[in-house]
Amino acid sequence: MSDWASALSWGRDESELVSELQAGSGAAFDFLVTHYHAPVFNLILSMLADPSDAADGTQEVFLKAFKGIRSFRQGSSLKTWLYRIAIREALNHRRWFKRHLQKNISIDAEPQEGQCKLEN
């Protein structure tokens with residue numbers, strides 16, 4: 001962990017961290033990921049129920065946070081902002097899979113009730 005990450009404690013003002021993040025500090029971003037990775041991962045995991053998808057979603061959350069930190073409004077909670085990104089990411093993931101997941105039907109499968117069997 002970097003010097004900034006180890007020196008900063010929860011007792012210090014969050015606005016200092018946000019200012020450092022907005023200035024592009026890699027150390028501040030390291031601190032952000034270190035402190036929020038597990039809670040963000042667990043939030044996404046609770047929504048998706050797949051550790052692999054949750055890991056991908058968590059990575060996307062921090063990428064979006066990195067790209068969007070300059071538009072973050074001071075006075076808002078950084079944790080709430082990250083959680084909102086995480087929730088949107090998980091919902092988008094579920095929506096995408098619902099739309100793109102197709103039923104695979106075996107040609108050898110017996111027809112379900114109400115369906116006619118194709119004859120050769």
Side-chain angles (χ1 to χ4, degrees):
M1 190 179 327
S2 66
D3 292 334
W4 170 261
S6 61
L8 189 66
S9 67
W10 287 114
R12 292 181 64 179
D13 190 8
E14 188 179 80
S15 64
E16 290 178 38
L17 176 60
V18 172
S19 295
E20 287 292 320
L21 288 166
Q22 290 177 332
S25 169
F29 190 71
D30 180 41
F31 177 81
L32 180 77
V33 173
T34 300
H35 274 19
Y36 288 107
H37 184 273
V40 167
F41 175 83
N42 289 331
L43 175 63
I44 295 173
L45 181 61
S46 72
M47 295 178 72
L48 299 181
D50 182 328
S52 178
D53 291 341
D56 291 343
T58 302
Q59 185 175 358
E60 282 297 315
V61 167
F62 287 106
L63 181 61
K64 288 178 180 181
F66 180 75
K67 289 179 177 180
I69 193 65
R70 285 194 170 75
S71 64
F72 178 79
R73 293 177 301 210
Q74 292 281 0
S76 298
S77 167
L78 191 57
K79 181 178 181 179
T80 302
W81 182 67
L82 283 173
Y83 278 22
R84 191 68 232 155
I85 295 170
I87 290 168
R88 270 191 250 117
E89 188 64 32
L91 291 174
N92 287 340
H93 182 83
R94 281 198 323 204
R95 229 177 277 126
W96 188 90
F97 270 98
K98 187 176 180 181
R99 269 187 302 210
H100 293 92
L101 195 62
Q102 297 177 358
K103 273 190 173 179
N104 293 328
I105 301 173
S106 171
I107 59 173
D108 297 326
E110 290 296 317
Q112 294 180 351
E113 197 173 314
Q115 294 179 340
C116 65
K117 187 172 183 169
L118 295 176
E119 298 294 327
N120 292 341

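Side chains are part of it too, since the values below use all heavy atoms of this structure and drop only hydrogens, waters and symmetry mates. Only a predicted model underlies this, so the values are computations on that prediction, with no experimental measurement involved.
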Answer yes or no: is there a side-chain heavy-atom contact under 4.5 Å between L43 and Y36? no
A quick test of your reading: do over 12 heavy atoms of other residues, nucleotides or ligands sit less than 6.0 Å from CZ of F66? no
List the atom of S15, the atom of Q74, and the distance in Å for their closest heavy-atom pair. CB-OE1, 3.5 Å
Out of curiosity, R84 CZ to K79 NZ, how far, rounded to the nearest 0.5 Å? 15.5 Å
Would a hydrophobic clustering, with Ile, Leu, Val, Met, Phe, Trp and Tyr connected at side-chain separations under 4.5 Å, put V33 with F41? no
Would the distance check show the side chain of Q22 and the main-chain N or O of F72 forming a donor-acceptor pair, the cut-off being under 3.5 Å? yes
Measuring from atom CZ of R94 to atom CG of D50, what distance do you get when rounded to the nearest 0.5 angstrom? 13.0 Å
Is there a donor-acceptor contact under 3.5 Å from the side chain of S25 to the main chain of L21? no
Counting heavy atoms not belonging to Q59, are there more than 12 under 6.0 Å from its CD? no
Linking I/L/V/M/F/W/Y whenever any side-chain heavy atoms sit under 4.5 Å apart, do W81 and I87 land together? yes
Would you mind reporting whether E16 and E20 have side-chain heavy atoms less than 4.5 Å apart? no
Contact between N92 and R95 at the side-chain level, heavy atoms closer than 4.5 Å - yes or no? yes
To the nearest 0.5 angstrom, please state how far the CZ atom of F62 sits from the NE2 atom of H37. 6.5 Å
May I ask whether I85 and L63 are part of the same hydrophobic cluster, defined by side-chain heavy atoms of I, L, V, M, F, W, Y residues being less than 4.5 angstrom apart, directly or through others? no
Which value, rounded to the nearest 0.5 Å, describes the distance between E14 atom CD and L32 atom CG? 9.0 Å
Side-chain heavy-atom pair K64, V61 within 4.5 angstrom cut-off: no
Here the gap from I44 atom CD1 to T58 atom OG1, rounded to the nearest 0.5 Å, amounts to 4.0 Å
Between L48 and A90, what is the shortest heavy-atom contact and its length? CD2-O, 3.6 Å
Hey, what do you get for CG (D53) to CD (E60), rounding to the nearest 0.5 Å? 12.0 Å
